[in-house]
Every structure is written in structure tokens, then in C-alpha cells.
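Quick note on labels: first sequence line is chain A, next is B, and so on, each numbered from 1. Just so you know, these numbers come straight off a predicted model, no measurement behind them.
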There are 2 protein chains.
Amino acid sequence: MADVRPGGRTARVRASVLQATGDLLAEHGFAHLDLAEVARQAGVGRTTVYRRWGTTTALVTDLLVDMAEQSLRRTDAGSLLGDLCGNARLVQRTLSDPRQGALFKAIIAAATCDEQAAAALREFYRTRVAEWAPCVELAIERGEVPAGTDSHEVIRAVSAPLYYQLLITGQIPGEADADRAAEVVCLAARAGAFIG
Amino acid sequence: MADVRPGGRTARVRASVLQATGDLLAEHGFAHLDLAEVARQAGVGRTTVYRRWGTTTALVTDLLVDMAEQSLRRTDAGSLLGDLCGNARLVQRTLSDPRQGALFKAIIAAATCDEQAAAALREFYRTRVAEWAPCVELAIERGEVPAGTDSHEVIRAVSAPLYYQLLITGQIPGEADADRAAEVVCLAARAGAFIG
DNA sequence: CCTCTAACGGTATCGTGGTTCCGTTAGGAC
DNA sequence: GTCCTAACGGAACCACGATACCGTTAGAGG
């Protein structure tokens, strides 16, 4: 007797529901996300969605957990500017993709009003930032930036202007924006602005 | 006979409804904003709120328009770093205030799923950025930063990491964060990273 | 292959957010 | 002061999202 049944149908249902959730979030945004419509589009019963998730924020949270599992590997360009550019371009490509960009907007909106979603979001970025932080550590070893530089803060600083564009000015970030973000942070990091 | 009646009761109703909206947004977040509760707390009829605003996003949009009217004046410290610090501290104080911070989170959430709210948000920041951009122009005249530097982009870059903290990492920005944001941007601007 | 039960799905029901109706109030014009 | 009407407010109404119930399905163990 198994207490849980991870395989087969359950997994299929979760996959199709999360797929439908992503599609609908990208199309209508978080505020208009309707669990019944998710169920219809996923081809599962309404009851199932309400039972397993219950609220829109729980659904979004689970979607984020699912996305976090397929994190993107860091590249290594050999210089801090190259590495930060690589990271910035990756973020920029994600945010400028119509589906992914809308998805992130929706998830961030969900996080502003639900603690579980906010916690999932923090964990998601903690993982992603930790994946890229080593490129700053390497730069410290090379002597490119001063010792004591906060590697996580450097990575976050690269993403910040791209998210600012997406959420506040409403401009879709382009490659030039990504490169500028990387350059700004690289210059500041070399000058020791991220120590402490 | 007057077509519109701007004075007296109408204005009082708007003021108390917007006040209640701000309070409730700060307390419960955008997702749980209930027009009936707004009406109750504002001491006006439910019907009135539904008739004049109708949706939560319209209410938030109007609140933002109201807030935009009392924009904060720029200070002048005589150096780019000083001016950017002044701006960063101003933003930081706003975002770290419990009521205002929650309000901005709610407004940004509203903007992610409603075009009117997004337009109001863009206009709000366009105005605020334009208010502070002259400090970069002055720095150009002083020869502190190279000609051709995009003054608006510099101001936006100062705010970006503070908003990133508020929305994504969930940390309330402190004075040290504000000063770092200003320093990072100042260094990069001097090196010509914001040309074009 | 058979059993057992976790998980699914259709249907009926319930509650609450939103709308409509109509009488009341108050601010501007003269 | 009087009239006129824009705007407000209470109450009934409506619709739809959320829940509960219960029969059905399918995957894991023996």
C-alpha cells in the first residue's frame, strides 16, 4: 500500500494543469486567472483543481516550484564582464519572451499579496543567484574585483534594471539593455562598490 | 446649470474612498481588495464605489493619479553622488514605509494585469524621473559625466535595485542599500556607461 | 490477475461579489 | 430662498466562483 501515488495519472494531471496555468497567466494575467478555466483548458475536472490547489496563489506557487527545477546552467566567458553579460542576456531573453515575461509578471504580482508565493519566489531567485555568484568569486581570484565583494549582490544588481523595465516602465528589455546592465555593474564592482 | 460638480460632497467622497483604498491595500494587498469593504471603511454607499470606479484596478489607478499630484521636489547637493544619494534615500524611505511600501507593491501588481493601471504607473514614474533628471544634466555641465549621458536612464538605474529588493527578494531596503545604489550608478555614469 | 484505495470527475448546492432599481440628498444657478 | 438635477445610498436581485457529495477510474501491491 502506498501513501502517495507519484506516478501516472497524478503526474499527468499536474503537468497539464501547470501548463494550462502558464498559458492562461501569460494571456490574461494573474488577476483574471480563473481556476475553472484552468481545469477546462487542462482537460481535467474542476473539482480536481480546487481540491489539489484551491487558490490561484497556490497554483502560481506550484508553477514556480516546477520552473525552479529546470534552472539554467551558468556559462563561463573568462572575464567578469563576459560572465555578467551572459547572465544579463539570459535574464533579458527570458523576460522579453511573450509567454515567460507575462508569466514572471504574474508570479511577481502573486508574490505581492501571498506569503507562500513570496517565499517560493525568494527561493527561486536564491537558487538562480547562487548558480551565477561563482563568476564573481572567480573574478575576485583573478584580482579583477576587490576581495570582500558581495557576489550575490552583484548578480542581483545585474537583473534589477531589467525587472524594473518589465514591471514599471513597461518596456520590453532588449540586448542593449542587458549589456548596459552588465557593464554598469562590472564597472562598479571593479571600483569596489559591492564590498560588505 | 453645471455639467459636472467638482466641489463639496463629490470631492469628499473621493478623498475618503481613496484613503480607505490605501489603508486596505497596505493591509491586505491588491488581490484581497474588496470594493464593498472599501465602501464600508470610507463610510459611503457600496453603490457609489461600484458606480464611480467599478473595478479594483480603476480604483488603484485613481489612487496613483492622486498620489502623482503631490510629487516630491528635487534637492541639490552640488555633486552627482550627493544628488543621486538624495534621490535613492527618498525612494528608499518611501518603499520602506509600511503603508507606502505596501501601496507601491499593490499598484505594481495592479499594473501587471490592467493596461490603464500600467499607463498610470508609467506616467507617474515619467514625471518623477523627469523631476530628478536635471541633476544629471548639471553633472554633464560640470564635466563630471560625459556628454550624451542618458539622464533619465541614470535616475531609473538608481531606483531599480531598491524596487528589486521590495518586489523580489522581499527585503525592505535600508539606507545602506540606497547609498550603494547611488554609488554604483554614479561610478558607472562617470565611466560613460549611460551614453546613448 | 485481483484487490484496494488514492485520486479523479460530474452534479447539486451554497455564498458572496457585483448590478440594478428607485427614492433621497445636497450643491450650484438664478 | 427656491428650483433643478447630479450624485449618493439602501435593498432586492442576479450570476458566477467555490465547495460538498458521491460514484468512477486507474495505478500500485500481492
Give a yes or no answer on whether the side chain of A/Asp177 reaches the backbone of A/Gly174 with a donor-acceptor pair at less than 3.5 Å. yes
Would you say the side-chain atoms of A/Glu144 pair up with the backbone N or O of A/Leu80, donor to acceptor, closer than 3.5 Å? yes
Counting distance only, does the side-chain N/O of A/Asp83 pair as donor-acceptor with the main-chain N or O of A/Ala77 below 3.5 Å? yes
Starting from the first five and the last five pairs of the helix from C/dC1-D/dG30 to C/dC30-D/dG1, work out the angle between the resulting helix axes, to 10 degrees. 50°
Base-contact (B) and sugar-phosphate-only (S) positions in nucleotides 10-20 of chain C, heavy-atom cut-off under 4.0 Å, - elsewhere: BBB----SBBB
Can you tell me which residue pairs pass the ring-ring contact (aromatic ring centres under 6.0 Å, His included) test with a partner in residues 11-48 of chain B, sequence neighbours excluded? none
In residues 35-50 of chain B, what donor-acceptor pairs under 3.5 Å come from side-chain atoms, sequence neighbours left out?
none

For C/dG28 and B/Arg9 - does any side-chain N or O of the residue sit under 4.0 Å from the phosphate oxygens OP1/OP2? no
Establish, with yes or no, whether the OP1 or OP2 oxygen of D/dG27 is under 4.0 angstrom from a side-chain nitrogen or oxygen of A/Arg12. yes
Roughly how many Å is it from CZ in A/Arg52 to P in D/dA18, rounded to a whole number? 18 Å
Could you list all the ring-ring contact (aromatic ring centres under 6.0 Å, His included) pairs where at least one residue sits in residues 134-167 of chain A, not counting sequence neighbours? A/Tyr125-A/Tyr163, A/Tyr163-B/Tyr164, A/Tyr164-B/Tyr163
Please tabulate, one pair per line, all N/O donor-acceptor pairs under 3.5 Å involving side-chain atoms of residues 98-112 of chain B, not counting sequence neighbours.
residue: B/Arg99; atom: NE; partner: B/Asp23; partner atom: OD1; Å: 3.0
residue: B/Arg99; atom: NH2; partner: B/Gln19; partner atom: O; Å: 3.4
residue: B/Arg99; atom: NH2; partner: B/Asp23; partner atom: OD1; Å: 2.9
residue: B/Thr112; atom: OG1; partner: B/Ala109; partner atom: O; Å: 2.6

Give a yes or no on whether a salt bridge exists between B/Glu153 and B/Arg156, defined as a side-chain N under 4.0 angstrom from a carboxylate O. yes
